Amino acid sequence: MPELPEVESLRRGLEEFVVGQRVRNVEVLLGKIVSGRGTKRTNDESKVKNFCAKISGKKILSITRRAKNMMINLERGGMLLVHLKMTGQLVYKSNKDNSTVSGGHPIQLSDNKLPNKHTYIIFTLEDGVLYYNDVRQFGYVLYFDSIEEINKLGHFDDLGWEPLDEGFTLAAFTEKMKSKKGILKKLLLDQKVVVGLGNIYADEVCYEAGVRPDRKVETLSKKEIQKLYNSIIRIIPRAIELGGSSVADYLLADGSRGNYAHEHKVYKRGGKKCFKCGRELNKSEVAGRTTVYCGFDQK
DNA sequence: TATATTGTTACACC
DNA sequence: TGGTGTAACAATAT
C-alpha cells in the first residue's frame, strides 16, 4: 500500500534512472489503466492509441509528486499522472546490465521476470524499460498535455497540506483540528487535511503520539494535537529516509524492499506485544479500517 | 471456500 | 452542510 513515503522513495529512485531518457515505445496491455480515474473506466481503444502516440518520442524531463500522485514530466509540457493506489508498481530495468541499474544498486528481480501477468504498461526507454504492474488494477497512468489540464479536472483541488511543506505548521494543524469533529483516524486518513497518510502511517502516528485512533477529535487537548503533529513530521521523513515500508506487493524503484517496515510499531502487529508496555496490542476496526493500538499507552 | 485486505471515489443517509 | 457508512474496483493470502 504505497503511502506518501513509498511514493516519494519511488520518485527519488526513478528520477535518478530515467530523467533525460527519451521514450522509444509504449505498449499498453490493459486499456483501463490509461483511460481514466475511478470506477467507471473502460478499455477505450482510442484513448490507448492517443496515450501511446502522445508519449512516444518524448524525453523525460523530471519526476515530481503531489500527495500520493506522481507526475512524470515530458517534453513540450506533456506529463503522466501516476497513482499507484494499493498495488501499483513502477519498476525500471536497465538494458546496460540486467542485474543493476545506474547507481550500482542491485535489482532483485532475478526470480521475478518482467513483464509478468500483472504488467499493464511497458515504456521502452533509451537505456532500459519501465514497467507498470498492478495486481489489483486500481491504479492509473494518465496522459495530460499540461498541468492546467490536470487542474481542470480539479484533481488536486481538495488536497490538504504536504506534511513536509513549510505551510504545514503546528498552528495551522491545530486550527484545522479544532474546526473538525469525528473520529481521529478518519481525519488522519482524509487527504483534504494532510496528504500522504494511509492505514499504516495513521496507526503509527497515533501510537507514537500516545493517542487512541478512535478518539473524537473534539476531545483532543492542545498537547495531544501537538503530539500528533510532531509524530507526523517525524515519521514521514524517517520512513522516506528508509525507503518506505516493505509490504508484500510493493517494491522500490531499484526492485529492493523498503526498510521502514522494521520500524512499524503497531501496523500488522495486532495481538502482539506493545514495545512500550509489553501488553497485547488491540486490533479492531476504526473508521472502516483495520486498526491496531495499545489500549494502555494510547489514551 | 469464505473472508480480510486497502486508496479513493461515489453516493445514500441523517 | 458535515459527518458517517457502505459499495465498488480486483486479486490474493490466509
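Source: prediction; values computed, not measured. Computed over heavy atoms, backbone and side chain alike; hydrogens, waters and symmetry mates excluded. Sequence lines set the chain letters: A, B, ... in the order given, protein chains first and strands last, and positions in each chain run from 1.
Distance noted for atom P between C:dT6 and B:dA4: 13 Å (whole Å). Look at the P atom in both B:dT3 and C:dA7: the space between them is 14 Å, to the nearest Å.
At C:dT12, one or more side-chain N or O atoms of A:Lys117 fall inside 4.0 Å of OP1 or OP2 (strictly under the cut-off). Residue A:Gln137 has a polar side-chain atom (N or O) positioned under 4.0 Å from OP1 or OP2 of C:dA11. Side-chain nitrogen and oxygen atoms of A:Thr290 include none within less than 4.0 Å of the OP1 or OP2 phosphate oxygen of B:dA4. At B:dT8, one or more side-chain N or O atoms of A:His83 fall inside 4.0 Å of OP1 or OP2 (strictly under the cut-off). Within the 4.0 Å cut-off from OP1 or OP2 of C:dA8, not a single side-chain nitrogen or oxygen of A:Lys85 is found. Close to B:dT5, at under 4.0 Å from its OP1 or OP2, lies no side-chain N or O of A:Lys268.
In this structure, NE2 of A:His155 is placed 11 Å from P of B:dA10, rounded to the nearest angstrom. A:Leu4 has its CG atom 13 Å from the C1' atom of B:dG7, to the nearest Å. Straight-line distance from the CE atom of A:Met86 to the C1' atom of C:dA8: 10 Å, rounded to whole Å. Spacing between atom NZ of A:Lys32 and atom P of C:dA8 amounts to 15 Å, rounded to whole angstrom units. Straight-line distance from the CD atom of A:Gln191 to the P atom of B:dG7: 9 Å, rounded to whole Å.
The residue from A:Asp203, A:Asp190, A:Asp214 that alone fulfils the salt bridge (charged side-chain N to carboxylate O under 4.0 Å, His left out) condition with A:Lys185 is A:Asp203. In summary, of the residues considered (A:Lys299, A:Arg215, A:Lys216), a salt bridge (charged side-chain N to carboxylate O under 4.0 Å, His left out) with A:Glu224 occurs for A:Arg215 alone.
The side chain of A:Arg136 approaches B:dT5 more closely than any other nucleotide in the set C:dC9, C:dT12, B:dT5. Here C:dT4 is the nucleotide among C:dT4, B:dT6, C:dG3 with the atom lying nearest to any side-chain atom of A:Ile183. For A:His118, whose side chain is taken as the heavy atoms from C-beta onward, the closest listed nucleotide among B:dG7, B:dT6, C:dA11 is C:dA11. Ranking B:dT8, C:dA10, B:dG7 by closeness to the A:Glu3 side chain, first place goes to B:dG7. Checked against C:dA11, B:dG7, C:dT12, the side chain of A:Phe138 finds its nearest nucleotide in B:dG7.
Of the two residues near DNA chain C, A:Lys186 and A:Arg289, the one whose nearest nucleotide lies more 5' is A:Lys186. Nucleotides of DNA chain C nearest to A:Tyr120 and A:Gly182 differ in position, and the one nearer the 5' end is that of A:Gly182.
Between A:Phe123 and A:Phe51, the ring-plane angle classifies as tilted under the 30° and 60° cut-offs.
Classification of A:Lys68 and A:Glu3 as a salt-bridged pair fails, no side-chain N sitting under 4.0 Å from a carboxylate O.
Here the closest heavy-atom approach between residue A:Asp297 and residue A:Cys274 is recorded as OD2-SG, 3.1 Å.
You'll find the ring centres of A:Tyr229 and A:Phe168 inside the 6.0 Å limit.
Here A:Lys216 lies out of heavy-atom contact (under 4.0 Å) with every strand. Nucleic acid contact class of A:Lys192 (heavy atoms, under 4.0 Å, all strands): none.
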